[in-house]
Peer 1: 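Quick one: the structure is below, and I'll ask about it shortly.
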Amino acid sequence: MLPAFRLRITTIRAKFSSLFSVNHPINSISSLFFIYMIGWGIVDPLLPVYVSRMFGSYSSAGIVLSILQFFSLFWAILLGPILDRVQKKNIMLVMFFLYLPVSPILLSLQTLTQFIYFRFYHSFISTTLWTTSEAYVREHSPKHKETQAAGLFDFSVGLGQVVGGILTVLLAAYLGFNIMYAVTLFAFLSILLSFNIPDGFHGKSLTGIRRNLDYAHIKKEFRDGFLNKKFRSLIIYAFPYFIAVALLPMTLPLFAQKIGNSLAAVGAVAALFYLPMTFESYFSRINDRKLMVALGLGSGTLIFLALFLVQNVALMFILVLMLGVSLATITPNLAGEFTECMPRKEMGELSALIYSIKSLAAAIGPLAAGIIADYAGLNYVFLLGGIIFCSLFALRRTLWVCPA
């Protein structure tokens, strides 16, 4: 019995450790984005509270959050033809440099118009960084380990957001909104780490690709995506899911601040929400993707409806943690499906197309949340999320599964 027990423990350890190692490029970029996301893990949950307090409405926060994604939609379309022609490491390094002045600019803004101008700048660097990093992950994913690579990258992003939320809980009472200088600090640390990212691709320089920015390449980007039947079906199915997820980064912090009455509660709800994302690597290793998506949608529907009714902050924390688990079962499996639907030579432009679709959904989400919250109440935003998840659960058999 004892040797068998030891063998089982050894097997479990081997499987557990393999969750956190795909290959050197994926491990390296995952570590980099863990550090980078600590800064945004602090700032993202505070931003809707900061803006809503400044302008006195939830709709203003929705506008500020959605306008970033609206601009990102157009940047992603333009960037698609570029990403397969340049060295991605260098692009990411430049974007980290451009993030250095973000914190002092953000804290100096006074009007909604100024916020819109700032978000235009922010949308360029954000879109470029994320489309490049996602294309990098797909480009360096080993064959048949696409889902594990996406899961490890998302694990690192989620862990950074969890650590950022914990730091908000610990420091917000002392620093207030000055804690939002974290973006500049962690962007600087990311610059130092990005020099160690491997990238064997020898593409063109940025000065030599202007001829690729024409209508024909943009048209080709959409044609490649929507003529791919499996890719098109998955995009159509996933779009409402992206909208439902986009409701949460704005609604959860505002709801936590409302019933918890402190910035510490905002940090706590963010940390709890992103904590399950650190287990996406585990969920990504389960072979039945349809089953995992169905479980996530079914449980998520019930949790959204419970959040619609809850008014107790402790119960809210529990439900938010459970909702994070539901999303963690869905997200890496959808990411793996997208990767398997992409020809490798088109991964850059199709990654940008996915980012465009996500950006459109992410623009709709907070704008709808702000309007609903002002006219009906924050909890009605959760009702909308529940309706979307319930509809997707009912239509789950339409999810196109790409063959391995």
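Along the sequence shown, residues carry numbers from 1.
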Peer 1: How long is the straight-line distance from CG of L378 back to CZ of F308, given to the nearest 0.5 Å?
Peer 2: 12.0 Å
Peer 1: Quick one: CG on L107 to OH on Y50, what's the gap to the nearest 0.5 Å?
Peer 2: 5.0 Å
Peer 1: Under 3.5 Å, side chain of T128 to main-chain N/O of I125, donor-acceptor pair present?
Peer 2: no
Peer 1: Can you find a pair of side-chain heavy atoms, one from F317 and one from V269, that are under 4.5 Å apart?
Peer 2: yes
Peer 1: Could you measure the distance from the CG atom of L106 to the CZ atom of F115? Nearest 0.5 Å is fine.
Peer 2: 5.5 Å
Peer 1: Is there a donor-acceptor pair closer than 3.5 Å between any side-chain N or O of S126 and the backbone N or O of H122?
Peer 2: no
Peer 1: Say whether, by atom type as modelled, one donor and one acceptor occur between the side chain of K89 and the main chain of P198 under 3.5 angstrom.
Peer 2: no
Peer 1: Of the non-hydrogen atoms in Y58 and K258, which two are nearest, and what is the gap between them?
Peer 2: OH-CD, 4.3 Å
Peer 1: Please report the C-alpha distance between F273 and L327 in whole Å, then the side-chain angles of each, then the deciding distance to 0.1 Å, and finally whether the side-chain contact (heavy atoms from CB on, under 4.5 Å) criterion is met.
Peer 2: CA-CA 9 Å; F273 177 66; L327 299 185; 3.5 Å; yes
Peer 1: Ignoring hydrogens and angles, tell me if any N or O in the side chain of S103 forms a donor-acceptor pair with the backbone of M180 under 3.5 Å.
Peer 2: yes
Peer 1: Kindly compute the distance separating OG (S156) from CG (N27), expressed to the nearest 0.5 Å.
Peer 2: 8.5 Å
Peer 1: Start with the C-alpha gap between F304 and F382, add the side-chain angles, then the distance that decides, and say whether side-chain contact (heavy atoms from CB on, under 4.5 Å) holds.
Peer 2: CA-CA 5 Å; F304 267 119; F382 298 127; 4.2 Å; yes
Peer 1: When you measure from the side chain of Y237 to the backbone of L392, do you find a donor-acceptor pair of N or O atoms at a distance under 3.5 Å?
Peer 2: yes
Peer 1: Check V381 against A369 and note the closest heavy-atom contact, atom names and distance.
Peer 2: CG2-O, 3.6 Å
Peer 1: So which heavy atom on I330 is nearest to which on M292, and how close?
Peer 2: CG1-O, 4.5 Å
Peer 1: Take S299 and M322 through the side-chain contact (heavy atoms from CB on, under 4.5 Å) test and state the conclusion after the steps.
Peer 2: CA-CA 9 Å; S299 60; M322 293 170 62; over 6 Å; no
Peer 1: Taking CZ in F188 as the centre, count heavy atoms belonging to other residues, nucleotides or ligands within less than 6.0 Å. Is the count above 12?
Peer 2: no
Peer 1: From L46 CG over to R53 CZ, what is the distance, rounded to the nearest 0.5 angstrom?
Peer 2: 9.5 Å
Peer 1: Taking the inter-plane angle between the rings of F118 and Y121 on a 0 to 90° scale, is it parallel (under 30°), tilted (30 to 60°) or perpendicular (over 60°)?
Peer 2: tilted
Peer 1: Check whether any side-chain heavy atom of F70 sits under 4.5 Å from a side-chain heavy atom of L367, and report yes or no.
Peer 2: no
Peer 1: Please answer whether the main-chain N or O of I105 pairs with a side-chain N or O of S108 as donor and acceptor at a distance below 3.5 Å.
Peer 2: yes
Peer 1: Which atom names give the shortest non-hydrogen contact between A246 and G365, and what distance separates them?
Peer 2: CB-CA, 4.1 Å
Peer 1: Do F71 and T127 have side chains that get closer than 4.5 Å, going by heavy atoms?
Peer 2: no
Peer 1: State, yes or no, whether a side-chain contact exists between I29 and S133 at a heavy-atom distance under 4.5 Å.
Peer 2: yes
Peer 1: Give me the ring orientation class for F96 and F33: parallel if the planes are under 30° apart, tilted from 30 to 60°, perpendicular past 60°.
Peer 2: tilted
Peer 1: What closest approach, in Å, do P45 and P253 show between heavy atoms, and which atom pair accounts for it?
Peer 2: O-CB, 3.1 Å
Peer 1: Tell me if a side-chain donor or acceptor on S52 pairs with a main-chain N or O of S57 at a distance below 3.5 Å.
Peer 2: no
Peer 1: With a 4.5 Å heavy-atom cut-off, do L323 and L248 have their side chains touching?
Peer 2: yes
Peer 1: Under 4.5 Å between any side-chain heavy atoms of M316 and L252, yes or no?
Peer 2: yes
Peer 1: Within the 4.5 Å heavy-atom criterion, are L93 and I191 side-chain neighbours or not?
Peer 2: yes
Peer 1: What are the two closest heavy atoms between I179 and L167, and how far apart are they?
Peer 2: CD1-O, 3.9 Å
Peer 1: Does some side-chain heavy atom of P104 sit less than 4.5 Å from a side-chain heavy atom of T184?
Peer 2: yes
Peer 1: With sequence neighbours excluded, give me every side chain to side chain donor-acceptor pair (under 3.5 Å) pair touching residues 157-168.
Peer 2: none
Peer 1: Could you go step by step and tell me if K358 and Y241 meet the side-chain contact (heavy atoms from CB on, under 4.5 Å) rule?
Peer 2: CA-CA 10 Å; K358 287 183 177 179; Y241 171 75; over 6 Å; no
Peer 1: For Y117 and F120, run ring-ring contact (aromatic ring centres under 6.0 Å, His included): C-alpha distance rounded to whole Å, both residues' side-chain angles, the deciding distance at 0.1 Å, then the answer.
Peer 2: CA-CA 5 Å; Y117 287 141; F120 181 79; 8.6 Å; no
Peer 1: How far does CG of L383 sit from CD1 of I388, to the nearest 0.5 angstrom?
Peer 2: 10.0 Å
Peer 1: Look at atom OH of Y380 and say whether more than 12 heavy atoms of other residues, nucleotides or ligands are closer to it than 6.0 Å.
Peer 2: no
